[in-house]
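Read through the structure below, which is laid out as structure tokens, and then see the notes.
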Amino acid sequence: MTLHIDIPQETLGSILAKAFRNRSFLIGFAITVLVAAIAVISYVWTPYDVTKLVISDKTLAPSAAHWFGTDHFGRDILSMIMVGARNSIAVALVAVGIGMGVGVPLGAFAAARGGLVDEALMRLTDLVFAFPALLSAIMITAIFGPGAINAIIAIGIFNIPVFARVARAGALAIWPREFILAARAAGKSKAQITTEHVLPNIATLLLVQGTIQFALGILAEAGLSYVGLGVQPPMPSWGRMLFDAQTRMVVAPWMAIFPGMAIVVTVLGLNLLGDGIADILDPKSRRQR
């Protein structure tokens, strides 16, 4: 006996219809696509070379030649924001991938086993969760030195208990359901039930959490770069740009305004996207973050 959870054929059409009517999703999707497009374009083109120092053009105000002005080394801020976008997205994306790749199986396994195994795994996630990404990055860089890779590891480790808890909570809500009891009666193992039935039914929950953690990952990367533990010069980072601007707020406020706006707009777009996805796929959900 084989059990399958069939999604109605009209589901895709209804989801698309809801997406086009959901303002939060549309705005968040547009912002996210725009930021991603800017990041991709920066691989092949930027208005100026971000590694070239032009001291004679330092702290120029926004103009037709430099739309966002220049920094204290004469580098074009628009070009730096474009390159910084790809660095922030890459760090956050890989870090979320680490957190999801380790945390989801861990949480699903804990829910399936229960008992002492569940309790031990949750206490382990509590221990990891007690160390914020910044503190983890400080410990890692004290051993291996600062850099984007170490920032990814630190943020990824911080994301593991988040996804583990979300996956466990979602799985625990699925296990008492009738179709799970039917699958167990059919002789399926806990591993089969988890992969074939539990994980597909919590995929929406994990997708929404993924967008939230992606936004938080960008914030974490900016924070780590601000204190010198993230992306290292000469590669631009939004956090590093804010650090460079802090002593020049009076003479060159655009050095802080534009990278700050880039962070705010990107995080806002991802949060709106996550809210929209939650409303579209589960309109009755009321999530507290």
Within a strict 4.5 Å, meaning less than it, do heavy atoms of the [X] and [Y] side chains meet?
X	Y	result
L272	F29	no
H66	D76	yes
M80	P259	no
I81	M261	no
F73	I55	yes
I193	V198	yes
V166	L206	yes
L26	N22	no

Between atom [atom1] of [X] and atom [atom2] of [Y], what is the distance when rounded to the nearest 0.5 Å?
X	Y	atom1	atom2	value
L60	W254	CG	CH2	7.5 Å
I212	N271	CD1	CG	7.0 Å
E178	L181	CD	CG	6.5 Å
F109	D118	CZ	CG	10.0 Å
D279	R23	CG	CZ	13.0 Å
I218	N87	CD1	CG	11.5 Å

Treating Ile, Leu, Val, Met, Phe, Trp and Tyr as nodes and any side-chain heavy-atom pair under 4.5 angstrom as an edge, say whether M235 and V227 lie in one connected cluster.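 Same cluster.
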Verify the cluster assignment for M122 and L116: are they in a single hydrophobic cluster under the rule of side-chain heavy atoms below 4.5 Å apart?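 No.
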Angle class for the F68/F258 ring planes (parallel below 30°, perpendicular above 60°, tilted otherwise)?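 Because their plane-to-plane angle is under 30°, the rings of F68 and F258 count as parallel.
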Report the residue from D49, L53, T51 that forms a side chain to side chain contact (heavy atoms under 4.5 Å, CB included) with R75. L53
Looking only at atom types and distance, does a side-chain atom of [X] sit under 3.5 Å from a main-chain N or O of [Y], one as donor and one as acceptor?
X	Y	answer
R248	M255	no
T70	D57	yes
Q213	T211	no
T266	I263	no
S79	Y48	yes

Check side-chain contact (heavy atoms from CB on, under 4.5 Å) between I157 and all other residues, then give those that pass, not counting sequence neighbours. V128, I140, I153
Closest non-hydrogen atom pair, A110 against L121: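 Shortest heavy-atom contact: CB-CD1, 3.8 Å.
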Show every donor-acceptor pair shorter than 3.5 Å between a side-chain atom in residues 88-103 and any protein atom, with sequence neighbours excluded, or say none if there are none.
unit_1: S88; atom_1: OG; unit_2: G84; atom_2: O; d: 3.1
unit_1: S88; atom_1: OG; unit_2: E221; atom_2: OE1; d: 3.1

